[in-house]
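For clarity, every value in this text was computed on a predicted model and none was experimentally measured. Letters A, B, ... are given to chains in the order of the sequence lines, protein chains preceding strands, and every chain is numbered from 1.
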Amino acid sequence: MSLPRNPAEASRNFFEEVHEVVRLIPPGRVSTYGAIAHYLGAKHGARMVGYALIAAVPARGLDAVPAQRVVNRNGLLTGRHHFATPTAMQEALEAEGVRVVDDEVQDFKRLFWDPSTELE
DNA sequence: TCTCTGACTGCGT
DNA sequence: AACGCAGCCAGAG
């Protein structure tokens, strides 16, 4: 599309894309900021994906945007501090059957869900 | 308008 | 293998 867009609208659109991808992550599976950024064309840094989630949860809610399923490339729950409580992210994951020990997703390599591969 | 910081990642030393 | 640096873009002071 060649419609002129304001910067504010462009970033809002990016947020929407992130929300949609995160929503596609199956329960009990996890993905990473970098994988999502790569799937969206890697135009935006992986940081922007995380930044989008900060706005995503308060706006759409954890039910609409399961942000707990997005961790960093090491499988660490780096964003737990942004949840209601420090343990909310871990509890949400464990409720789906994902084992979390010391802020680290167990069996991360097996549970990893890459949108570029799984979603085609 | 400039500067700093941040739910990150990959590459070079 | 470990550490440091730069790139990514947006929002706050």
Quick check on contacts: within residues 47-57 of chain A, what sits under 4.0 Å from DNA chain C by heavy-atom distance? A:Arg47, A:Met48, A:Tyr51
Quick one, A:Val18 with A:Val70, criterion side chain to side chain contact (heavy atoms under 4.5 Å, CB included). Give me CA distance, side-chain angles, the key distance, then yes/no. CA-CA 11 Å; A:Val18 173; A:Val70 184; over 6 Å; no
Between C:dC5 and B:dC4, how far is it from one P atom to the other, in whole Å? 15 Å
Atom pair CD (A:Gln106) and CD (A:Glu104), whose distance is rounded to the nearest 0.5 Å: 5.5 Å
Atom pair CD (A:Glu96) and CD1 (A:Ile25), whose distance is rounded to the nearest 0.5 Å: 9.5 Å
Could you tell me the boundaries of the chain A footprint on DNA chain B, defined by atoms under 4.0 Å from its heavy atoms? B:dG6 to B:dG10
Supply the atom-to-atom distance A:Arg69 CZ to A:Leu62 CG, rounded to the nearest 0.5 angstrom. 9.5 Å
Can you tell me how far CE of A:Met89 sits from CZ of A:Phe83, rounded to the nearest 0.5 angstrom? 4.5 Å
Please report the interatomic distance OG1(A:Thr85) to CZ(A:Arg80), rounded to the nearest 0.5 Å. 10.5 Å
Are the side chain of A:Glu94 and the backbone of A:Ala92 linked by a donor-acceptor contact shorter than 3.5 Å? no
Integer angstrom distance from the C1' of C:dC3 to that of B:dA7: 23 Å
For a quick check of understanding: with a heavy-atom distance under 4.0 Å over all strands, which category does A:Ala67 fall into, base, sugar-phosphate or nothing? base
Please give, in whole Å, the distance from C:dC9 P to A:Phe15 CZ? 14 Å
Name the orientation class of the two ring planes belonging to A:Phe108 and A:Phe112 (parallel below 30°, tilted from 30 to 60°, perpendicular beyond 60°). tilted
